[in-house]
Every structure is written in C-alpha cells, then in structure tokens.
Amino acid sequence: MNKLKEIFGGDIRQFGMIFALVFLLVFFEVATGGLVLDPGNVINIFQGNSYILVMAIGMVLVIIAGHIDLSVGSVAAFAGIVVAIAMRDWGIPWWAGILLGLVIGALVGAWQGFWVAVVGIPAFIVTLAGMLIFRGANQYVGKSLTIPVPEQFQMIGAGYLPEVGPRTGYNNLTLLIGIALCAAIVFGALRNRRNQRKIGADVESGTVLGIRLALICAAILAVILTMASGRRGTSLPISALILGALVLLYGFLSTRTIIGRHIYAVGGNRHAAELSGVRSKRVNFLVMMNMSVLAALAGMMFVARSNASGPFDGVGWELDAIAAVFIGGAAVTGGVGTVVGAVIGGLVMAVLNNGLQLLGVGADWTQIIKGLVLLAAVAFDVYNKSQGRRSITGLLMQNFGRRSTEETTEKVGQES
Amino acid sequence: MVDATPRAPILEMVGITKTFPGVKALSDVTLTVRRGDVHAIVGENGAGKSTLMKVLSGVHPHGSYDGTIRYNGQDVAFGSIRDSEHAGIVIIHQELALIPELSIAENIFLGNEETRRGAIDWVKTNNKARELLARVGLREDPETPIKNIGVGKQQLVEIAKALSKDVQLLILDEPTAALNEEDSQHLLDLIRGLRERGITSIMISHKLNEIEAIADAITIIRDGRTVETLDIREGAVDEDRIIRGMVGRSLESRFPDHTPDIGETMFEISGWTVAHPQVPERLVAKQSEFFVRRGEIVGFAGLMGSGRTELMRSIFGHSYGTWLGGTMTLNGKRVDLRSVPAAIDAGIGYVTEDRKVLGLNLLDDVKTTTVSAKLKKIARNLVIDRRAEHTAAEDYRQALRTKTPSVDYGVAKLSGGNQQKVVLAKWLFTDPDLLILDEPTRGIDVGAKYEIYGIIQRLANQGKGVIVVSSELPELLGLSDRIYTISEGRITGVLDKNEADQESLMRLMTQTSSSGSIPAPTPEDVA
C-alpha cells in the first residue's frame, strides 16, 4: 500500500495541472450527462480554441522574457483581413494567402520588436499602442466589412483529416497519428532514461516510469479515439494538428536550444544574462516578432473557421491568451513558465467555457467563474511560494515529463 | 571578576530552537547581551545569525520557535516586527530598506509619519529629521532624495530612522559590508557614540578587524548552535581566536601558499578612456593603462566610486559606459571587443561584484548556471546536449567542491560561498585567458574565502592572467603579485607585493587630482 503511494506520490504532484483538467472533464461529464466527452464536442473544443492556444504558445515566451503583448487580438484581425482581401480581390491561392499572413505577422512583429528591444519602450505600452493601431488598420483595410474566404483556406480552421484506407469505423489517419505520438513519447522517455543512467544521474524506478507512460498514452489514445470515432467526415481537426506541431516545436525550442535558454535567462535576470554574453535586445526582438507571427496564424485559423474576416475579430483574445499562460504557471516577473503549461492552462479555460455553456450557464456567470479560476490558480501558486515550497504549477511544469531530482525542502536561514 | 556591579542584561535569549521544514536552523541557542554593550555576533554563512535576529525582532513570530526571550527583565512574545519596534528593538538589514525616490525625511518617518489632523506636517517632519541627522553626524538637507546620497550616508539615515523610534537595542546586520574604509570608520564611531548614550547594539559582521575594534563581547555561532561568548573586557581576543571558533578549526593561514610563476605580458590596455553612460562629460576611466602577465594575480585597489568596477566592465566588451578611446592587446594581438559575446569568445571572463543582481539568475539551477556563459560549448547545431551539460556541471562541482545536493539544485538555495563557486564555475567553463574577479569574496565566510583564494591561485598557476578587484586591502595584499590603485577614474600607482602595505595603498587610493598627483608608472618601471 505504501509502495503504491510512493509510486504515485511524485507523479500526482507533477501532473497536478493535468489532474485539474481531468477533474473538470469528469465533473462536467457527470453534470451534463455525458455531453462533454461526446466526440463532436471534443472536436469542437479543439477547433474552437486552437487559435487561442496557438497564441498562448507565443505569449508564454513573451511572458518568460519578462514582457507582455496586448496587441495579439488586433494583429490577428489585421492579418486576417489583409489575407481575406488578398485572396478575394487579387485572386492569390490559399497557400499564398497563408504565407502572406505570416509575412504580415513578421512585419508587424518587427515593428513592435523594434520599439521594445531597440528603443527600450516597455512592451505593455508598445503593444497597447499596437492594439489600437492594428485594430484601426483592420477596419481601415476592410472598410469595417466582413469579407469571406475561399473554401480551401477554410481547411486550416474548419478542416479535418481525410478518410483513407479501409473502413475501420474510425478515422484511420487520426489513429495513426495517435499511435505515432505514443510511440514517440515512450521512445523519448526511454532514451532520456538511458542518458540519465549513463551520466550517473538519479533514475526513477521502472515501475513509476511505466505507470506514468501508460497514463500519458492512455490519455492521448482516449482523446484520439474519441475524435476518430466521430461522425464520418469529422476527425482530428487540422487546427488541432497545427497546434500539436507547434507545441512540439516550441516545447523543444524553449527547453533544448540556445535561444530557449536565452529567453529564460533574459527573463530571469537581464543584467546577469547580458554579462554572460546573451544579446538581450536580439532575444526581446525575436520573442515579440514571434508573438505577432503566431497571432497572425491564429487570426487566419479563426477566419478560416468562421469563413470570413470581420472588423471585430480578435477582440479580447489577448486576455484569454494571457490567462492561459498564467494558469499554466508562468510568473508575472518573468523567467518562469512552459509551453506545455500554457497550453494546458488554455485547455482548462476551454473546458470550463465549454462545460458551463453546455450546462446552460450564461455569459455573465461564465466570466465570473473564469475570473475566479484564474485568480485561484495564481493565488495557489503564490501561496505555495510563500510557504517556501516550490511553485507546483510553475516549476513542476518546467520539468514536465521528467522527474525532478531536486529536493523539495528549502534550505532556509541562510545569511547574507 | 573585578567588575563588582555587572550591568544587568538587557536581553537574554535562552534555548532558542527554530526549525524550517527539513532544516534545523537554530538549536538551543543562548545569547545574553549586557545593557550598553556593543555585542558582535559572528559565524560562517548559514550558521544561523540572521535567523536568530529574525526570531528576536519578531520576523519569525512568537510560537514559530521554541525557547524564551527575556528583554528588560521580562519575557516577551513578539508577534511581528511592529511589536519589537514598539519595545525599542530596531533591526537594520544588510539590504537597506530605503526608498530611493523619497527624501531623507520622508524615509525616516515612513510608516511613522508626523501628522497634524491627518495631513503630514512637513515643517515638523523636516525639523525633527534635521535633529536626528545631526545626532548621526549628517549635515544633509532632509529634503534631499535618498538616491542622491551615497550608500555610506544612507546607512546613517537608517540609523537616524532607528533613533526616531526611541531605539534601546539596535541590531545591525553587516552594516559595513557595502561601505568603504572611511564610511565604515565613521559608522563605527557612531556606534561607539550610541553606546555612550546607553544604546545597546548587536552587530553581525564578517569583518573581524572591525569587531576587534568595537565589540565589548562576541558570540560565535556555528551550525545553528552557540559555540561560545567571548568577553573582551576579560582579556583581548585576536582574530585567530575568533576564526578558530567560527570554523571549528585553526586556520594556519588565511591564504593558501602560492609561489607565482610569472610569464610574459598577456594583456594590456593603454589610453583607455570611458565616459559615464548617462553623464557624457563625466569620465569614469581617464587614460587608464595597465598590463597583466601570464600566471600573475593583479590586484586593483580603490575606494567605492573610484571607477574600478567601471573600468573592468568597460574592458569586458564595453559593457559599461561609453568607450571614448584606448587600445587593448590580448596575447600579443590588438583586439577591439565591443560586445560581451566578443569578449567571452576572445577569452575574457568577468565575475561580477554583485552576485545576486549581476551574477546569477536565481531561478536557474546549478547546471544551467554553470554552462550559461558558453552554451555553444555543449550545443550541437544550437541544440543543447543535456548529457554534456550535466557532465560539465558535475565536473566543476567536484573540482570546486561546491556544496550542493545535486547539480539540479536551485542556486537561490545555496549559501553565499557556494553561489560564488557556481559563478566561478560558470566563468571557468568559458576557458578564459584573462579572468577578472570583482569582489570575489564579498559576503562569504572565512572557510569559503580560503577555498576561493585557492581556486584563483590555481588559475594563475595554469598560466592565465587574473585580475582581482577588492575593497578588502588585506585580501589584496595576501593574494596579489602586484597591486594597482585607482582614484577618481585614474590609475594612481602600482606596487609590487613586497613593497605594498595598507598605508601605502590607502595613500594612493585617496590621491585626488587636487592633492598633487604623480603620473602612473609605465609598465617598464615595474617590469
């Protein structure tokens, strides 16, 4: 019995955030009488929130570097309208439209990065200005009209994986992706374990690892199976696929590459980073620019899903993205946060939204509850820090998927 | 013994035990302070000195520790720092708690404002502030913003603030750590003056010479326990005696043995001129000129504000101020290093003076800090090899004998000495030819200092050039092969190890442009 507790003990803490998500899912599943985990609804949750989660990925990097971006909604709307007009009036193909959107994001990002990194104006001010500028630009370019986008373009927001291969009752491609993902996770974990053993680091017991991997894979397969078993013609949404690819890319970028280290270093202590040879201006420029590129992508995904670009697209998105990042354990002061954490934080908000909606709770109460959840998540974090414990959502997500060898007891009573 | 009427103790702390989750910070500590004494508390970093003071001042409230505190003959139970201040116990922390943008008077009465019908009475505030400033020997205008006075005067303002609260027992945590010799002397005089007026002081300090000069009694704490209390009036106590108590062993010497093996000149600057970043007409380095030879430890002595740190940071990739001119030669080649990455690539390392503000990202762990100044070394195609990172960090942990549970442990939780070792590891990892160390042992206990001196000497033995900037003259004299002095941004002299002593250095360090300067010697003069 004790043994069992020991096995699960570390993992329960590590997966605290995920357990919160699972709790919400179970709660709403029961409360709505099974509506939440219906294949159609699961697909809907992903399709309806992927663009917010894509922005949360950019936002977490901005916040880790110690900044904020309030302009993402306006930038998304601006990119969306320009792309919609370019495809309708100039007749460029859908893929060129996407490229154009990304280039616009990069240009907007370079503009904001310039003011933040080179001139040294706080990002809060620069992006507050950007919020007004690009909202206005959206309405000027689109003459405050709604502009439809072609069907092929709608794939990135509303499309699904196609049906191929034998009829299995499931969407075959979706199943394949799920299986490949599980295989990759198991392979990665085993390789990591082998490496740790080689360098003589502490290695967790095989049982713990096995149970954890089984849990992760079970969760992935459950989601995948649900989506694959939906109405024929629906399956894993393309937007969720884009999101998944970005999570893998940015997760790797932030934890395993030099630029990722530099982002954490600049956010943690800018002066120390500069005196260690980090070019902080370049880092700040890049995170701001990257944010706008992802905002433009999110804008296009949204336009694609709603079939048209309008003058009020993206209003309030920045708040959803920022909330996701902080629920996911990032620190307001910078230097702390993870890509995976931000996405899970975003999913918590998404499930909450969806579940309350299914329960017939009005927009008024939904907002109040979301606000309280955000406050509670951060308060929990702050409380844990003040108790001298490590921040659970924050620092544990930093070691996400990897057992922390660190002691949890803090050495206290140090002098000077 | 001879004293027939021993003064009653103002404070008796008996059997103080304070436990944090997983750590026993204090166990059964006893501290008795006589009224009117200056009572020094010494101990290595992490020994429990600050924790003890936090228990006394109510930062750790009554109930969170075991044991009793008797103050003025009565048992007291402080629930907060307000309670202890009410009883006349005021603590002045090492990091000054002053607000830079507010005036001296506003700072003194912060949280304790002089009001009339709910509004601040500025006349009364400023008048009372002027009185208090006079008591600590400051003649500043009370309306001067705190940021416009030096750190030495700020420390005096803190004491004035304490006096405004009718202090009976003043606790000073490392009061002279950030002060130069002159300001330190002034502060010690002031503490003596307070003693004459019957104010008892408890002083935590690492500077044993100061303790020797001022303390009436010394309590030594080691590993959360009281080792002993030495009464100065029962007989003189020398530094070695104190060190023995602190480290639990006798340090034969405070510097490891070292025979320098000095080679050819490997680094040289001349005509180096740098302006202040915000005030272009103020020069922080004026036509500076010096050289370092292989295997040589070169000391830099200067008072605070003399421009020593500014010079070093400007050499380190122009990371301070506006460079106006001058040449740099490294390993026989003229180089022009205009950014920190360029300086690191060229083989220059710089250990900053303020560990927590400039040297460390306190959110990082030991291994990420160790490799942070040269990530390229452990990366392939911009992707970090975590195995190489772990191995490198582990190697340096062992080589420098850093005390940490593992290299995955957060640097914020290490003691000062071990943090400094991690910072050293970070720079050693960059394989520097020239390593500049700015105040490498500030705020570090005696045992760790000794080890860090050893590390510095090993570097020199490997044929590298080492520059040590320090405020502690005994440290420079013990460590350096040659010492330059800086004053007002100019190099005012250079002394060989055997011709330098504290007096000769201090003379050169305080030489100002008006007091008749001599030109700095050229390399040929001393080579």
Side-chain angles (χ1 to χ4, degrees), chain A residues 64 192 194-202 252-253 255-262 264-282 331 333-337 387-391 394-395 398-399 402-416, chain B residues 18 20-23 25-26 43-51 94 173-174 177 204 206 224 313 316-317 319 339-341 343-345 350 352 357-365 368 372-376 379 382-384 386-387 390-391 394 405-406 408-410 413-416 426 443:
Chain A
I64 290 168
N192 192 29
R194 207 173 55 228
N195 277 345
Q196 278 185 329
R197 189 167 275 156
K198 263 188 206 156
I199 55 181
D202 296 340
F252 182 82
L253 190 89
T255 56
R256 299 288 307 278
T257 65
I258 290 183
I259 177 71
R261 279 288 168 83
H262 283 180
Y264 281 98
V266 168
N269 184 341
R270 181 176 167 179
H271 296 296
E274 283 173 353
L275 287 172
S276 303
V278 175
R279 297 179 194 271
S280 65
K281 285 183 179 175
R282 185 184 293 178
T333 44
V336 178
Q387 294 298 298
R389 262 174 261 145
R390 306 193 71 207
S391 140
L395 293 180
Q398 203 164 354
N399 290 323
R402 173 161 66 94
R403 192 179 160 97
S404 167
T405 51
E406 200 161 317
E407 301 288 332
T408 46
T409 50
E410 188 136 0
K411 185 173 183 290
V412 265
Q414 293 168 349
E415 325 266 321
S416 62
Chain B
K18 169 80 188 160
F20 293 105
V23 182
L26 297 172
E44 295 191 283
N45 288 329
K49 307 181 296 268
S50 293
T51 309
Q94 192 180 353
D173 192 351
E174 297 263 9
I204 296 178
H206 283 303
R313 282 188 56 182
F316 185 56
S319 57
S339 71
V340 172
I344 293 174
D345 285 342
Y350 173 63
T352 56
V357 176
L358 298 173
L360 284 172
N361 175 358
L362 292 169
L363 300 167
D364 264 347
D365 54 30
T368 44
S372 63
K374 200 144 195 172
L375 286 171
K376 280 189 278 191
L382 302 180
V383 175
I384 291 165
R386 286 191 289 195
R387 241 169 91 186
H390 192 280
T391 312
E394 190 59 38
S406 82
D408 300 317
Y409 201 69
K413 292 180 263 172
L414 299 179
S415 70
K426 162 173 138 184

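Remember, it's a predicted structure, so these values are computed and weren't measured experimentally. Order of the sequence lines sets the chain letters (A, B, ...), proteins ahead of strands, with each chain counted from 1.
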Seminar exercise, completed: The reported gap from CG in A:Asn192 to CZ in B:Arg387 (rounded to nearest 0.5 angstrom) is 11.0 Å

Exercise. Is a donor on one side and an acceptor on the other found under 3.5 Å between the side chain of B:Asn361 and the backbone of A:Ala272?
Worked result: no

Problem set entry | Nearest non-hydrogen partners of A:Gly277 and B:Pro341, listed with the distance | O-CG, 3.3 Å

Problem set entry | Separation between NE2 of A:His271 and OG of B:Ser319, rounded to the nearest 0.5 Å | 12.0 Å

Problem set entry | Among the listed options B:Val357, B:Thr391, B:Leu362, the residue most often paired with chain A at heavy-atom distances under 4.5 Å | B:Val357

Exercise. Using non-hydrogen atoms only, which part of B:Lys374 is less than 4.5 Å away from chain A: side chain, backbone, both, or neither?
Worked result: neither

Exercise. In Å, rounded to the nearest 0.5 Å, how long is the span from OG of B:Ser372 to CG of A:Asn269?
Worked result: 10.5 Å

For this session: Under the salt bridge (Lys or Arg N to Asp or Glu O under 4.0 Å) rule, collect the residues that match up with B:Lys376, sequence neighbours excluded.
Result: B:Asp345

Problem set entry | Value rounded to 0.5 Å, distance of CG in B:Leu360 from CG in A:Leu275 | 12.0 Å

For this session: Going by the side chain to side chain contact (heavy atoms under 4.5 Å, CB included) test, name the single residue among B:Val383, B:Ile384, B:Leu375 that passes it with A:Thr257.
Result: B:Val383

Exercise. Got A:Tyr264 and B:Thr368 here, is their nearest side-chain heavy-atom distance under 4.5 Å?
Worked result: no

Seminar exercise, completed: A:Arg270 meets the salt bridge (Lys or Arg N to Asp or Glu O under 4.0 Å) criterion, sequence neighbours left out, with A:Glu274

